[in-house]
There are 2 protein chains.
Amino acid sequence: MIPGKRSHARLPVRIGAMESSSARSGGSTRREATRQKLYEAAVTLIAEQGFSATTVDEIAERAGVAKGTVYYNFASKSVLFEELLRHGVGLLTASLKEAAEGTARAGGGKVDALDAMIRAGLVFIDRYPAFTQLYVAELWRTNRAWQSTLMVVRQEAVAVVEGVLREGVAAGEFSDEIDVQLTAAALVGMVLVAALDWKSFQPERSLDDVHAALSRLLQGRVSGRV
Amino acid sequence: MIPGKRSHARLPVRIGAMESSSARSGGSTRREATRQKLYEAAVTLIAEQGFSATTVDEIAERAGVAKGTVYYNFASKSVLFEELLRHGVGLLTASLKEAAEGTARAGGGKVDALDAMIRAGLVFIDRYPAFTQLYVAELWRTNRAWQSTLMVVRQEAVAVVEGVLREGVAAGEFSDEIDVQLTAAALVGMVLVAALDWKSFQPERSLDDVHAALSRLLQGRVSGRV
DNA sequence: GTATTTGAACTGACTGGTCAGTGCAAAAAT
DNA sequence: ATTTTTGCACTGACCAGTCAGTTCAAATAC
């Protein structure tokens, strides 16, 4: 055995930067770190293969953790997945809200808010492509254990977009004939699919580039030369 | 042995009523009918639960067929799924092409073609919601057996939209600054997500209604009162 | 027309492997 | 001293795929 080198290298590596964030507030930091590792391992595996095709052994292995640890931290495979969903969508909605509020503080209109949210969406997908992939894949399924969780969490995110649209209508900035719910869904779809396409098929393009293309579409500058 | 009573009763019972339907044309009609039943059973089950969570036994049971029959007709579970994908996307692309050509014959412009394709997409999703669901769920996965099939099949569908956009740019009907590939993806996403939302959360609405909302978005009649 | 043959289509019990989840004693971290 | 993690053997359910045997309708023979 080479000194300083262990077979299953057990280095206390700092992966994220969790330690300073809300130090002490419920659970120990070590536990939080393991959970984070498990999330990261699970999200990519499940995005690639789907929930059922991904085994707990794989998740544990990729996280560099024993199988027992998975069950020490989560009641079951589905619970791990559900908490992962909640965690991820939490990040997204926070980011969307911040984007909308940012433009409001800067005195921008609702179109600016929508545009900022499109960018926030792109940034999110750029940072967490696997999560996005997985989310899309599960969203419209029925008969699954985490169905209700997914519902709640979806609503949180879409509600932010709907809110901005509604405010825009109230302020007279958008036509009052628009269908808020459907338009919100369509906008989300636009960003989602374009971004996944970007990441999958032309990853070399810059975020600004993609953002510009979507902005143009949003502002109806497609038909008719500018 | 009791006369008139055999252990495995061999009565010439009429089960289906296949005999008159298109007698002979390529493969046997019976076989084709079973395959169709299997497609239908598989598409809903896989849409609901995902590929891995759906068992061959379930598919067979829902199709009203023995498990062996599945393997008589398809080499494996994945092959059944791949052929199902090809079959479904074939229907979609045909429908999109027809929509675009229809407006061309009627002397409409490319905006009309896009609008007609949006409608065709909605009609398709209205008729085959399960297939759409399943398609979306699998499209951005990686590391799966049918990955390449999915790629080919996706390109066929998106190419139709891209084609119309390109023609529109060439004809000066669309700004030549649009990004064809990204815009096509965004449009597909818009329709896809809005339609799935419609089917999942407000199924009572009419197709015309949904189509109107998307048309408005396409033509940039969202920002600014009309 | 009736009997027999043929081959494609179908059946369902069975097999071999996989995997979620358990149990627990020892080790490590805090 | 307590919490957390490890390592690993084990179980029981579940499931893809197989295969020897069965059904049936059309073709051929009588």
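This is a predicted model, so every value here is computed, not measured. Proteins get letters first, then strands, A, B, ... in listed order; numbering begins at 1 in each.
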Report task. Rounded off to whole Å, could you give me the CZ-to-P distance for the A:Arg35 and D:dT3 pair? Result -> 16 Å
Query raised in the report: Taking the side chain of A:Thr69 as heavy atoms from C-beta outward, which of D:dT6, D:dT4, C:dG21 is closest to it?
Result: D:dT6
Query - Proximity to the side chain of B:Val65 - top-ranked nucleotide from C:dA13, C:dT11, D:dT6 - result: C:dT11
Report task. Please tell me which of the listed nucleotides, C:dA20, C:dT11, D:dT18, lies nearest to the side chain of A:Thr55? Result -> C:dA20
Query raised in the report: In whole Å, what is the span from the NZ atom of B:Lys67 to the C1' atom of C:dT15?
Result: 11 Å
Query raised in the report: Given C:dG12, C:dG21, D:dT6, which nucleotide is nearest the side-chain atoms of A:Tyr71?
Result: C:dG21
Query raised in the report: Which nucleotide in the set C:dG21, D:dT6, C:dA28 lies at the smallest distance from any side-chain heavy atom of A:Arg30?
Result: C:dA28
**Report entry** Length of the line joining A:Glu32:CD and C:dA29:C1', which is rounded to integer Å
**Finding:** 17 Å
Query raised in the report: Within this structure, what is the CD1-to-P distance between B:Ile59 and D:dC14, rounded to whole angstrom?
Result: 18 Å
Requested in this report: Starting at atom CG of B:Asp57, determine the distance to atom P of D:dT18, rounded to an integer number of angstrom.
Outcome: 14 Å
Requested in this report: Inspect the contact between A:Glu83 and A:Arg35 and indicate whether a charged nitrogen and a carboxylate oxygen are less than 4.0 angstrom apart.
Outcome: yes
Query raised in the report: Looking at C:dG21, D:dT4, D:dG17, which one has an atom nearest to any side-chain atom of A:Arg31?
Result: D:dT4
Query raised in the report: Hey, are A:Asn73 and A:Thr34 close enough side-chain-wise for a donor-acceptor pair under 3.5 Å?
Result: no
Query raised in the report: A:Leu45 CG to C:dA20 C1': how many Å, rounded?
Result: 16 Å
Requested in this report: May I ask you to verify if any side-chain N or O of B:Tyr72 is less than 4.0 angstrom from the OP1 or OP2 atom of C:dA9?
Outcome: yes
Query - Below 4.0 Å: OP1/OP2 of C:dC10 and any side-chain N or O of B:Asn73 - result: yes
Report summary line: DNA chain C nearest-nucleotide lookup for A:Ser52 and A:Gly68: closer to the 5′ end is A:Ser52
Report task. Look at A:Arg62 together with A:Glu58 and state whether they make a salt bridge at an N to O cut-off of under 4.0 Å. Result -> no
**Report entry** Face-on cation placement of A:Lys77 at A:Phe51 ring, 6.0 Å and 45° thresholds
**Finding:** yes
Query raised in the report: Can you find an N or O donor on one side and an acceptor on the other, under 3.5 Å apart, linking the side chain of A:Lys77 with the base of C:dG21?
Result: no
Query raised in the report: Can you tell me how far C1' of D:dA16 sits from CZ of B:Phe74, to the nearest Å?
Result: 16 Å
Requested in this report: Would you indicate, yes or no, if D:dA16 has its OP1 or OP2 atom less than 4.0 angstrom from a side-chain nitrogen or oxygen of B:Ser76?
Outcome: no
Query - Residues B:Asp197 and B:Arg205 bridged, charged N to O under 4.0 Å - result: no
